[in-house]
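For reference, the structure discussed in these notes is given below.
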Amino acid sequence: MKLVTQVLTETVAGAFEKCGYEKVFGDVLVSDRLDLCQFQCNGSFACAKQFRKAPFIIAGEVVKRLKENSIFKTVEAVSPGFINMTLTDEYLLGVLLQIAQDRHIGIPQIENPETIILDYGGPNVAKPLHIGHLRSAIIGEALKRLARATGRKVISDIHLGDWGLQIGLVIAELEQRNPTWKCFCADFDAQADTVAGLNVETLNEIYPFASKKSKTDELFKQKADRVTYELQNGRAGYIALWKEIMRVSIADLKKNYESLNVDFDLWYGESDAEKYVGALVDTLGGKGLLRESEGAMVVDIAEEADTAPIPPVIIKKTDNSNIYATTDLATIIQRQKDFDPDEMWYVVDKRQSLHFTQVFRCAKKAGLVPENTKLEHLGFGTMNGSDGKPYKTRDGGVMRLSDLLETIINAAYEKISASAYASQTDQKEVARKIGIAAIKFGDLSNHRAKDYIFDIDKFLSFEGKTGTYLLYTITRINSILKKVNVSSDTPVSFSDIYTDAERSLILTIILSGEAFQHAVNEKAPNYVCENAYQIAAVFSTFYHDNYIVSETDEAKKATWIALCILTRKLLLKHLDILGIEAVESM
RNA sequence: GCGCCUGUAGCUCAGCAGGAUAGAGCAACUGCCUUCUAAGCAGUAGGCCGGGAGUUCGAGUCUCUCCAGGCGCGCCA
């Protein structure tokens with residue numbers, strides 16, 4: 001269905017045209033002065049300039065035409081030239097009913113859905129998830145759901161870091177510790193020989209250890225580089241061990257992402273792009289883009305308009321092994337071949353923006369994707385501690401994602417245990433949902449590209465503008481529906497608007513479509529958060545002012561219940577898009 | 001050095017397709033649980049939107065400049 005502002009824009013644009021002006025001046029916005037009106041049009045000012053006439057006069061002429069329209073309760077020209085509009089209650093109720101009956105509850109659908117590959121998550125195998133991985137997962141998941149909710153086709157890919165030096169480091173360290181393992185023998189036979197079993201704990205411990213060691217121990221670093229190269233070139237023993245690392249690590253990752261309610265269509269990794277590296281090098285070579293520089297093979301991507309020197313992309317390192325630009329480019333070839341997408345979005349730390357500039361330019365230059373394919377890096381900011389520096393645990397280490405979740409979920413559990421409303425059976429599950437909601441909403445309500453201060457106490461309080469508040473609002477609605485014995489999927493109807501609080505709620509619900517539109521255009525889930533909070537807050541006022549269960553006027557009561565049902569449905573939709581699960585009671 | 005990003009209330013942040021009185025939450029202070037969950041509601045107080053200049057009828061929002069902070073700048077990802 002059409003957005004209300006869109007319908008009004010057409011109406012007002014028509015009025016401008018009838019008055020002899022141009023339609024472009026008819027843009028209608030949600031009023032920023034809700035005390036004066038619901039919608040406004042400021043086109044008279046620009047129109048005044050062009051037609052050399054006072055804005056107030058023009059607004060007056062347009063308003064005269066608009067008054068012929070019965071959808072307005074009031075429509076007036078206000079000095080110095082605003083056009084202020086307020087819709088009739090009948091009209092609002094009509095739109096509300098449309099939303100209630102719309103398959104997409106008023107979320108605008110795109111006409112020509114594009115196919116988008118969404119690359120987020122990006123964890124490294126053999127490396128425990130820490131809070132640095134949180135944002136990519138949360139933001140990427142929300143963007144995926146948001147894009148899908150507005151009709152787009154999205155294919156999500158976790159893009160595992162499973163093929164670079166980090167694997168070489170782990171294998172090198174394993175080899176030093178267990179030199180007798182069969183997989184390290186030159187004559188390892190993948191058919192006959194088996195690999196020693198690994199577990200997550202070992203892997204989690206070994207990577208930080210090896211990484212640190214490589215910085216001080218030059219010989220070890222050289223060994224890791226050699227292992228990386230040999231792995232990428234198919235040494236059987238290393239491949240077999242790598243497969244074991246992958247098996248253990250992916251199982252653990254799946255568990256972690258599942259607990260965050262994050263899931264991927266594709267569990268591809270850098271290693272899956274390996275088979276396209278040959279094609280990449282051929283293409284680049286064939287187009288004469290590849291050149292040797294300081295022992296490495298590179299592609300120049302600097303452009304004349306650049307305000308800063310942009311270094312070339314390294315395709316092959318001095319030792320002929322691949323680097324992340326290589327696999328990213330090879331991955332683009334793979335994605336183009338498999339899905340022919342219209343867009344590729346990368347939800348990756350904003351500090352990598354130079355890297356993506358290089359990769360995207362190289363991809364375009366080499367014709368790896370059609371000219372009009374959009375390649376976009378959606379960078380996000382760092383999660384800092386209250387000291388403004390990257391978040392650390394008390395002892396200065398990097399905080400494990402699982403530890404963070406546990407802390408918050410435990411706090412939620414304590415609160416739940418004290419509640420009179422929580423059912424005894426699923427308190428653990430309810431606590432988990434509340435904890436995840438708190439973390440996700442806290443993250444997503446910040447602007448994506450900005451760094452933000454992560455204050456764990458703020459999350460533990462479960463008060464104010466939080467994910468908890470949204471879940472709480474829904475449980476209140478659930479409670480009412482239970483008391484009046486009405487199912488949440490009962491078809492709704494609305495007889496009238498009885499109170500101001502109600503009108504505010506209705507208007508907020510109606511304007512949700514605009515919020516979703518804005519969110520998807522800007523690829524900014526924080527608009528969804530803001531809108532969800534608005535709905536919940538306005539509902540809470542309405543809830544506080546009017547007692548629904550005890551209402552004796554049947555028509556009024558039925559309308560209010562209908563409002564509860566619709567509010568609940570819409571809030572659930574917001575939460576779903578944010579990747580947050582609701583609870584029945586808490 | 002060059003480039004990118006950020007600077008809004010005591011704190012954490014929205015707002016940045018330019019519009020009429022700059023919004024939340026937390027913290028502080030007042031009220032409200034014998035009617036639907038007080039994880040709530042209502043209210044008070046708190047701002048030269050980093051400084052300066054410009055564009056505009058109109059700037060927190062656009063441009064320039066200065067200041068402060070963060071980040072990035074070839075073989076890690």
Side-chain angles (χ1 to χ4, degrees), chain A residues 27 29 31-33 35-36 40 42 45 48-49 54-55 78-82 84 122 124 161 164-166 169 211 214 225 270 293-298 306-319 321 323-325 327-328 348-355 357-358 379 381-382 384 386 388-389 412 415-416 419-422 434 442 445-447 449-455 457-458 461-466 468-469 471-473 475-484 518 521-522 526-527 529-530 533-534 537 540-541 543-551 564 585-586:
Chain A
D27 245 20
L29 308 167
S31 169
D32 61 341
R33 287 291 303 273
D35 53 321
L36 299 179
Q40 60 181 336
N42 306 325
F45 295 104
K49 175 168 277 186
V78 177
S79 181
F82 299 104
N84 290 353
N124 288 320
L165 178 63
Q166 80 273 23
L169 285 165
S211 172
S214 73
D225 283 337
E270 297 173 320
S293 167
E294 298 170 34
M297 295 307 287
V298 305
D306 289 341
T307 49
I310 300 206
V313 199
I314 295 179
I315 303 295
K316 286 283 179 184
K317 297 197 276 188
T318 313
D319 68 359
S321 67
I323 188 169
Y324 66 138
T327 43
D328 275 356
V348 180
D349 193 310
K350 69 175 177 187
R351 285 175 292 190
Q352 290 193 39
S353 73
L354 178 59
H355 164 71
T357 302
Q358 293 176 302
T382 316
N384 290 330
S386 29
K389 302 223 169 81
K415 199 132 196 191
I416 279 291
S419 163
Y421 300 94
I434 292 173
S445 49
N446 288 298
H447 186 88
K450 279 168 76 166
D451 293 346
Y452 87 102
I453 306 283
F454 180 79
D455 179 355
D457 294 331
K458 189 168 144 188
S461 74
F462 301 110
E463 275 174 18
K465 191 173 181 176
T466 60
T468 314
Y469 179 74
L471 300 194
Y472 182 66
T473 306
T475 62
R476 285 172 138 186
I477 297 176
N478 290 340
S479 190
I480 292 172
L481 295 180
K482 209 166 150 192
K483 289 218 155 85
V484 297
H518 198 179
N521 285 348
E522 302 293 316
N526 60 311
Y527 290 108
C529 291
E530 182 58 32
Y533 179 72
Q534 279 310 322
S540 294
T541 303
Y543 170 95
H544 188 263
D545 292 353
N546 306 292
Y547 286 90
I548 298 162
V549 172
S550 56
E551 177 55 47
C564 285
S585 61
M586 59 194 271

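For the numbers below, each heavy atom of this structure counts, side chains included, while hydrogens, waters and symmetry mates do not. Throughout, a chain's letter reflects where its sequence line sits, starting with A, and its residues are numbered from 1. The model shown is predicted, which means the values in this text are computed figures rather than measured ones.
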Torsion-based syn/anti label for C16(B), 90° from 0 as limit: anti
Touch check for [X], heavy atoms < 4.0 angstrom, all strands: base, sugar-phosphate only, or nothing?
X         : value
Thr318(A) : base
Ser293(A) : base
Val313(A) : nothing
Asp35(A)  : base
Ile548(A) : base
Thr475(A) : base
Asn546(A) : base
Thr382(A) : nothing
Gly164(A) : sugar-phosphate
Ile453(A) : sugar-phosphate
Gln352(A) : base

Contact nearer the 5' end of RNA chain B, comparing His447(A) with Asn521(A): His447(A)
Closest-nucleotide ordering on RNA chain B, the 5'-leading residue of Ala325(A) and Ile416(A):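 Nearer the 5' end of the strand: Ile416(A).
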Counting heavy atoms from C-beta on, name the nucleotide in [options] closest to the side chain of [X].
X         : options                : value
Lys458(A) : A24(B), U12(B), A14(B) : U12(B)
Thr541(A) : A42(B), G74(B), C5(B)  : A42(B)
Lys49(A)  : U56(B), A38(B), G72(B) : U56(B)
Pro311(A) : G74(B), G40(B), A77(B) : G74(B)
Gln166(A) : A17(B), G40(B), A77(B) : A77(B)

Taking 4.0 Å as the cut-off, does a side-chain nitrogen or oxygen of [X] come that near to OP1 or OP2 on [N]?
X         : N      : answer
Lys450(A) : A14(B) : yes
Tyr527(A) : G15(B) : yes
Tyr469(A) : C41(B) : yes
Arg351(A) : A77(B) : no
Tyr421(A) : A38(B) : no

Partner set under side-chain contact (heavy atoms from CB on, under 4.5 Å) for Asn42(A), not counting sequence neighbours: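 Checked Asn42(A) against side-chain contact (heavy atoms from CB on, under 4.5 Å); matches are Leu29(A), Gln40(A), Phe45(A), Phe82(A).
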For G74(B), the Watson-Crick or wobble partner whose two distances fall under 3.5 Å: none
Side-chain donor/acceptor of Thr466(A) to base of G25(B), under 3.5 Å: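 Not at all, since no donor on one side and acceptor on the other fall under 3.5 Å apart.
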Base of A77(B) paired with side chain of Tyr324(A) (donor-acceptor, under 3.5 Å): yes
Under-4.0 Å salt bridge between Glu530(A) and Lys465(A):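 Salt bridge present between Glu530(A) and Lys465(A).
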Could you pull out the protein-nucleic contacts involving nucleotides 18-20 of chain B (nitrogen or oxygen on both sides, under 3.5 Å)?
unit_1	atom_1	unit_2	atom_2	d
A20(B)	OP2	Asp32(A)	OD2	2.1
A20(B)	O2'	Arg33(A)	NH1	3.4
A20(B)	N7	Asp32(A)	OD1	3.2
A20(B)	N7	Gln40(A)	OE1	3.3
A20(B)	N6	Gln40(A)	OE1	2.8
A20(B)	N6	Asn84(A)	OD1	2.8
A20(B)	N1	Asn84(A)	OD1	3.2
A20(B)	N1	Asn84(A)	ND2	3.0

side-chain contact (heavy atoms from CB on, under 4.5 Å) evaluation trace for Ile315(A) with Val313(A): CA-CA 6 Å; Ile315(A) 303 295; Val313(A) 199; 4.3 Å; yes
